[in-house]
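In what follows, chains carry the letters A, B, and so on, assigned in the order in which the sequence lines appear, proteins first and then strands, with residues in each chain numbered from 1. Just so it is clear, the values below take in all heavy atoms, side chains as well, and ignore hydrogens, waters and symmetry mates.
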Protein chains: 2
Amino acid sequence: MSGVNRKSVADAEERLRSTGERVTVPRVRVLEALLQAGGALTHQEIEVLLGSAALDRVTLYRVLDWLCVKGLAHRMSGGDRVWRFSAIDGQHGRHAHFECRHCGKVTCLDKQSTDELAVNVPRGFRSEGIELTVRGRCAQCA
Amino acid sequence: MSGVNRKSVADAEERLRSTGERVTVPRVRVLEALLQAGGALTHQEIEVLLGSAALDRVTLYRVLDWLCVKGLAHRMSGGDRVWRFSAIDGQHGRHAHFECRHCGKVTCLDKQSTDELAVNVPRGFRSEGIELTVRGRCAQCA
DNA sequence: CGGGAAAGCGCAACTCAGTTGCATGAACCC
DNA sequence: GGGTTCATGCAACTGAGTTGCGCTTTCCCG
């Protein structure tokens with residue numbers, strides 16, 4: 001809302017720098033947007049957030065993909081078969097989400113880390129990650 | 001595999017009958033396919049299962065949608081942004097899924113009911129259902 | 001049974017998120 | 001600063017899922 005936050009730009013840049021890969025304008029801007037957002041964003045929502053100087057659609061997809069591969073973000077599949085992306089906070093790691101059936105907004109349940117969730121899988125199956133989404137009504141749509 | 005199973009046809013028909021809505025050929029065949037399947041199926045996989053006398057794509061989508069509304073099936077969004085559907089067994093209700101990152105197959109974790117999972121949501125949020133998907137390697141792809 | 005209203009089916013055309021290939025431009029190493 | 005390598009942007013494509021509409025089936029009631 002308050003335009004560009006200098007601190008979060010630096011934060012985004014540092015995270016990118018730490019991967020050892022190239023730090024480009026699109027990557028900084030997208031990661032910054034994810035860091036400032038309170039929930040998981042669709043690529044459309046990110047485009048709106050970036051506003052005036054929007055990126056090419058394809059670039060946005062590629063940046064988001066890249067962020068996931070590098071472990072800086074993760075993707076979740078919403079109830080509308082659209083990808084949503086959220087930054088992975090060093091403290092909380094991968095987390096659960098809440099998706100409002102009414103307004104469609106996806107909120108991160110930071111306290112609900114999915115890394116430590118214990119789920120029994122059949123013999124021979126190996127779990128590498130858990131996606132947990134709660135659906136219902138958010139506070140605004142109650 | 002063993003062609004049409006008469007018992008499961010009757011089972012599917014009875015479930016449909018109990019909704020008080022019309023019992024049609026497509027509905028019976030689709031529900032039967034879901035009941036026999038060991039996991040969640042994409043609409044493509046269902047088409048293959050139905051084989052020779054396949055339904056129209058659109059009809060299949062509508063039947064699946066209808067089954068979800070009536071509480072006879074539920075849908076989950078896979079890692080490939082494709083819907084998958086599985087029959088809801090009266091005993092287990094909604095359940096968790098395992099999605100293999102390698103072969104893409106989705107297995108139902110029947111023992112892992114999501115109805116009784118306790119997840120904390122923020123104040124004012126109301127949970128109406130939980131989707132839990134474990135991703136990793138299945139026994140065959142280990 | 002059989003006739004008719006209401007609901008479901010099938011076809012064709014459409015939408016839109018996400019992808020691919022390739023030429024241009026920017027980041028980083030030295 | 002100069003060259004290599006990788007990322008970006010454009011255009012054209014893919015494929016899951018949807019919509020509108022005329023035809024067929026279900027099922028109720030006589």
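Summarising the geometry, the separation between CD1 on I46(A) and C1' on dA17(C) is reported as 13 Å, rounded to the nearest angstrom. For the pair D56(A) CG and dT8(D) P, the computed distance is 10 Å after rounding to whole Å. Between the CG atom of L60(B) and the P atom of dT19(D) there is a distance of 16 Å, given to the nearest Å. Atom CG of L16(B) and atom P of dG8(C) are 12 Å apart (whole Å). As a whole-Å value, the separation of L67(B) CG from dC9(C) P is 10 Å. Atom C1' of nucleotide dA16(D) and atom CG of L64(B) are separated by 13 Å, given to the nearest angstrom. Following rounding to the nearest Å, E21(B) (CD) and dA7(C) (P) show an atom-to-atom distance of 9 Å. Q44(A) has its CD atom 9 Å from the P atom of dG18(C), to the nearest Å.
Here T24(B) lies in heavy-atom contact (under 4.0 Å) with sugar-phosphate atoms only. Residue contacts for R27(A): at a heavy-atom cut-off of 4.0 Å it reaches the sugar-phosphate backbone alone, with no base atom in range. R75(B) comes within 4.0 angstrom of nothing in the nucleic acid, heavy atoms only.
With salt bridges taken as basic N to acidic carboxylate O contacts below 4.0 Å, one links E128(A) and R126(A).
Under the 4.5 Å side-chain heavy-atom criterion for ILVMFWY residues, no single connected hydrophobic cluster contains both M76(A) and W83(B).
Considering only side-chain atoms of R81(B), the nucleotide from dA17(C), dT8(D), dA11(D) that sits closest is dA17(C). Closest to the side chain of V82(B), out of dG8(C), dG17(D), dG18(C), is dG17(D). Side-chain proximity of H43(B) to dG17(D), dG8(C), dT8(D): nearest is dG17(D).
The overall bend of the helix from dC1(C)-dG30(D) to dC30(C)-dG1(D), read as the angle between its terminal helix axes built from five base pairs each, is 40° when rounded to 10 degrees.
Side-chain atoms of E13(A) do not come within 3.5 Å of backbone N or O of V28(A) as any donor-acceptor pair.
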Pair H74(B)-F85(B), ring pair (Phe, Tyr, Trp, His ring centres under 6.0 Å): steps then yes or no: CA-CA 6 Å; H74(B) 64 167; F85(B) 298 84; 9.4 Å; no
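Cation-pi check for R27(B) over W66(B) is met; the charged atom lies under 6.0 angstrom from the ring centroid and within 45 degrees of its normal.
Side-chain atoms of R57(B) and base atoms of dG17(D) include a donor and an acceptor less than 3.5 Å apart. A donor-acceptor contact under 3.5 angstrom links the side-chain atoms of R62(A) to the base of dG9(D). Side-chain atoms of R22(A) stay outside donor-acceptor range of the base of dC28(C), with no qualifying N/O pair under 3.5 Å.
For W83(A) and dA17(C), the shortest distance from a side-chain N or O to OP1 or OP2 is not below 4.0 Å.
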